[in-house]
Protein chains: 2
Amino acid sequence: MTTKPMLADPMPPDIAPIENVPLRVQVADRLRSAILSGRLRPGTGLVETALAEQMNVSRAPIREAIQILENDGLVETIAYKGKRVKPLTAREVAETYSLREVFEVMAVRRILENGAPLDLLREHCDAMTAAAEADDFEALVAADEAFHHALIMLADHDLLLASWKNLYLRIHQIMALRNRDEHNLTEVAGNHPPIVQALADGDADRAVKLISDHTRILAAFDPATIAQDL
Amino acid sequence: MTTKPMLADPMPPDIAPIENVPLRVQVADRLRSAILSGRLRPGTGLVETALAEQMNVSRAPIREAIQILENDGLVETIAYKGKRVKPLTAREVAETYSLREVFEVMAVRRILENGAPLDLLREHCDAMTAAAEADDFEALVAADEAFHHALIMLADHDLLLASWKNLYLRIHQIMALRNRDEHNLTEVAGNHPPIVQALADGDADRAVKLISDHTRILAAFDPATIAQDL
DNA sequence: CACTTATGGATTGTCGACATTACACAACAG
DNA sequence: CTGTTGTGTAATGTCGACAATCCATAAGTG
């Protein structure tokens with residue numbers, strides 16, 4: 001023991017839960033949030049010294065945070081030149097959605113094989129229709145993601161879940177970058193219940209086709225508005 | 001200009017291409033190789049100071065190298081406790097193979113849709129039968145990987161390729177850890193030509209079934225010999 | 001003896017400084 | 001004027017030292 005008394009407080013009541021979150025994680029979270037929200041656009045250069053001064057931390061956590069984002073596929077390095085937010089090509093957007101389709105089809109298949117309960121999915125369906133009626137766009141998007149997230153989780157496959165989450169990061173970014181067309185999405189809300197019904201009926205072919213079409217429609221939302229270069 | 005002359009040599013003829021490979025990458029490569037070869041078994045602790053002294057570099061490159069391996073899914077961190085080679089559970093092995101199956105099925109479908117040329121696959125098939133006749137186990141394994149690698153590449157999908165490569169890292173590790181049963185593999189070599197034939201015939205259902213069964217057989221090779229804990 | 005409470009050692013987390021590299025721009029020869 | 005050659009600057013790459021944290025073990029108390 002050197003500096004702090006540290007006695008008492010067997011459990012910090014509730015407030016100030018813990019700050020044991022490493023700086024690099026905090027920095028990574030902030031940067032990721034900035035990228036996913038579109039505030040840091042693809043192609044933007046990430047200068048370590050600038051970020052370090054801006055956030056009042058050393059360069060080491062910044063470097064490690066950027067590397068975390070690199071692992072997420074959101075940042076790319078050009079050795080000795082610098083790091084930048086990974087440009088989003090139309091091809092990459094298309095690939096992201098096609099891979100997502102494969103993941104969700106896999107999830108549907110596994111759900112049918114394992115006979116997972118479908119209550120969660122029904123709840124999210126209800127939440128989505130409620131949000132649609134209330135004209136709450138944010139809630140609608142959130143409910144949609146919750147539905148798909150639940151779908152993947154019910155597949156009971158950790159690797160699939162991790163891969164899907166990683167992929168969905170890019171989808172977040174894409175959605176933030178395109179100009180949202182709200183009207184289309186509300187009608188897509190109606191796609192979910194039939195999927196759940198097909199699952200309940202144990203109709204693999206129908207369920208796969210429905211989820212496949214559904215994700216493909218979502219992909220089609222993206223006009224190739226995203227044409228980043230540099 | 002400070003120390004090095006650096007004139008002449010508009011192009012270093014061929015020898016000594018460059019050593020501009022960052023230390024962290026060198027360290028990461030060494031560690032990855034050690035893990036994939038089984039020399040660093042799952043559960044082994046990775047102590048930064050020890051590795052730093054052992055490799056005569058500072059801790060910074062070691063830390064960043066370990067983080068790279070973490071991104072590869074080969075290492076996991078327990079904050080303030082240490083990093084260790086990620087334990088391989090039977091479940092994770094199964095999940096790895098099942099995800100691989102989905103990837104390869106996706107590749108097959110895309111190859112049929114795009115009408116990719118199949119010459120490469122045929123070459124690797126020949127190499128495999130040749131290796132089988134020569135009783136060269138190493139070459140057999142290499143040819144097998146080359147075949148599947150080519151299959152994925154022909155799908156012309158960068159994200160799929162990256163995901164597959166990442167997944168295959170774990171497969172390398174798994175193969176290094178299990179006691180190899182050579183005899184079974186030689187007979188599996190025979191699975192490849194029919195796959196290529198089905199692709200040539202444009203028979204999607206048959207090709208998908210064949211590649212699916214094939215990868216599933218490879219998975220079955222693993223008795224759950226791998227029971228790492230800690 | 002059981003249980004709490006210090007304390008020491010080992011390991012990761014963070015920092016600031018220095019070394020190395022690449023690029024851009026100016027100086028200069030032809 | 002054009003091409004080349006030197007420099008300077010800004011960024012990343014690397015290093016060693018210090019701070020914070022956790023774990024195990026021992027000391028103390030009822």
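In the text below, chain A, chain B and the rest are named by the order of the sequence lines, each starting its count at 1. In this text, all values refer to a predicted model and were calculated from it rather than measured experimentally. For the numbers below, each heavy atom of this structure counts, side chains included, while hydrogens, waters and symmetry mates do not.
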Which donor-acceptor pairs under 3.5 Å do side chains of residues 162-175 of chain B form with protein atoms, sequence neighbours excluded?
from	atom 1	to	atom 2	distance (Å)
B/Ser163	OG	B/Leu159	O	2.8
B/Trp164	NE1	B/Glu104	OE2	3.2
B/Arg170	NH1	B/Glu92	OE2	2.8
B/His172	NE2	B/Glu145	OE1	2.8

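Between the CG atom in B/Leu31 and the CG atom in B/Asp72 there is a gap of 11.0 Å [rounded to 0.5 Å].
For C/dT12, neither phosphate oxygen OP1 nor OP2 lies less than 4.0 angstrom from any side-chain nitrogen or oxygen of B/Arg63. Under 4.0 angstrom from either OP1 or OP2 of D/dA20 there lies no side-chain N or O belonging to B/Lys81.
With rounding to whole Å, B/Glu64 atom CD is found 12 Å from D/dT12 atom P. Atom NZ of A/Lys83 and atom C1' of C/dA22 are 15 Å apart (whole Å). C/dG13 atom P lies 13 Å from atom CD of A/Gln26, rounded to whole Å. Across the protein-nucleic acid pair, B/Arg84 atom CZ and C/dT12 atom C1' stand 16 Å apart, rounded to whole Å. Rounded to whole Å, atom P of C/dT12 lies 14 Å from atom CD of B/Glu76. Counting to the nearest Å, the P atom of D/dT12 and the CD1 atom of A/Ile66 are 7 Å from each other.
Take B/His192 and apply the ring-ring contact (aromatic ring centres under 6.0 Å, His included) test, not counting sequence neighbours, and it matches B/Phe147, B/His148, B/His214. Residues passing the side chain to side chain donor-acceptor pair (under 3.5 Å) test with B/Ser98, sequence neighbours excluded: A/His157.
Among residues at least two apart or in separate chains, salt bridge (charged side-chain N to carboxylate O under 4.0 Å, His left out) pairs with a member in residues 49-66 of chain B are A/Arg63-B/Glu64, A/Glu64-B/Arg63, B/Arg24-B/Glu64, B/Glu48-B/Arg59, B/Glu48-B/Arg63.
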Detail all sub-3.5 Å separations between protein N/O atoms and N/O atoms belonging to nucleotides 15-18 of chain D.
from	atom 1	to	atom 2	distance (Å)
D/dC15	OP2	B/Ser58	N	2.8

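A/Ser33 contributes no side-chain N or O that, together with a main-chain N or O of A/Asp29, makes up a donor-acceptor pair within less than 3.5 Å. Side-chain N or O atoms of A/Glu101 include none that pairs as donor or acceptor with a backbone N or O of A/Arg216 at under 3.5 Å.
Interface residues of residues 46-55 of chain B facing DNA chain C, ordered by number: B/Leu46, B/Val47, B/Glu48, B/Thr49; criterion, heavy-atom separation under 4.0 Å.
Atom CZ of B/Arg110 has more than 12 neighbouring heavy atoms from other residues, nucleotides or ligands inside a 6.0 Å radius.
Paired with B/Val75 under the rule side chain to side chain contact (heavy atoms under 4.5 Å, CB included), one option of B/Thr44, B/Ile35, B/Ile68 passes, and it is B/Ile35.
Of the candidate nucleotides D/dG13, C/dG13, D/dC23, C/dG13 has the atom nearest to the side chain of A/Arg24.
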